[in-house]
Amino acid sequence: MTGPTTRALRLTIFIGESDLWHHKPVYAEIVHRAHVAGLAGASVFRGIEGFGASSLIHTQRLLSLSEDLPVAVVIVDDEERVRDFLPQLDELVAEGLVTLDDCEVIRYVGRERAK
């Protein structure tokens, strides 16, 4: 697929599945706030295994079930909109990793909303 591309910024937030914000998963609150902020979209990906700063390995393997699997929330939008959203994360992400990457958007097409 080739054609004109658009420069964008990818925001990725790595947190634990059991991280909570007011009795609600942090990843759900991030997605909600991204939607309210009018960002282009947000997706949550659940990892099957990983470790972070604590060096504790979290896995879904049968003999070692974890209730705190790694989760990544990914948001892609133009740089200004993503950077304007970052202060929201100061309040929500107590533990985890937040990264920014330059990227190119090759195609972005949504579905028509149901009437």
Shortest non-hydrogen contact between [X] and [Y], atoms and distance:
X: Ile15; Y: Glu95; value: CG2-O, 3.8 Å
X: Val44; Y: Val31; value: CG2-CG2, 3.5 Å
X: Leu69; Y: Arg46; value: CD1-NH2, 3.2 Å
X: Pro87; Y: Asp84; value: CD-O, 3.3 Å

Crowding at CD, Glu91 (>12 non-hydrogen neighbours, <6.0 Å):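 It does: Glu91 CD has more than 12 such atoms within range.
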If Ile, Leu, Val, Met, Phe, Trp and Tyr residues are connected whenever their side-chain heavy atoms lie under 4.5 Å apart, and connections chain through other members, are Val74 and Leu89 in the same group?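 No; tracing contacts between hydrophobic side chains, which count when under 4.5 Å, never links both residues.
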Transitively linked via ILVMFWY side-chain contacts under 4.5 Å: Val26 with Val71?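 In one cluster with Val26: Val71, yes.
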Euclidean distance, Asp19 CG relative to Tyr27 OH, rounded to 0.5 Å: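 If I round to the nearest 0.5 Å, the distance is 10.5 Å.
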When rounded to the nearest 0.5 angstrom, what is the spacing between CG in Leu20 and CG in Leu92?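 One finds 12.0 Å between CG of Leu20 and CG of Leu92.
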So, do [X] and [Y] sit near enough that their side-chain heavy atoms are less than 4.5 Å apart?
X: Leu9; Y: Asp102; value: yes
X: Trp21; Y: Arg33; value: yes
X: Arg83; Y: Leu100; value: yes

Is there a donor-acceptor contact under 3.5 Å from the side chain of Tyr108 to the main chain of Ala40?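 Such a contact is found between Tyr108 side chain and Ala40 backbone.
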Can you spot which of Asp101, Val73, Ile75, Ile30 makes a side-chain contact (heavy atoms from CB on, under 4.5 Å) with Leu11?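 Only one of Asp101, Val73, Ile75, Ile30 forms a side-chain contact (heavy atoms from CB on, under 4.5 Å) with Leu11, namely Ile75.
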Exactly one of Asp77, Val82, Thr99, Val76 should register a side-chain contact (heavy atoms from CB on, under 4.5 Å) with Arg10. Which one does?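 That would be Val76.
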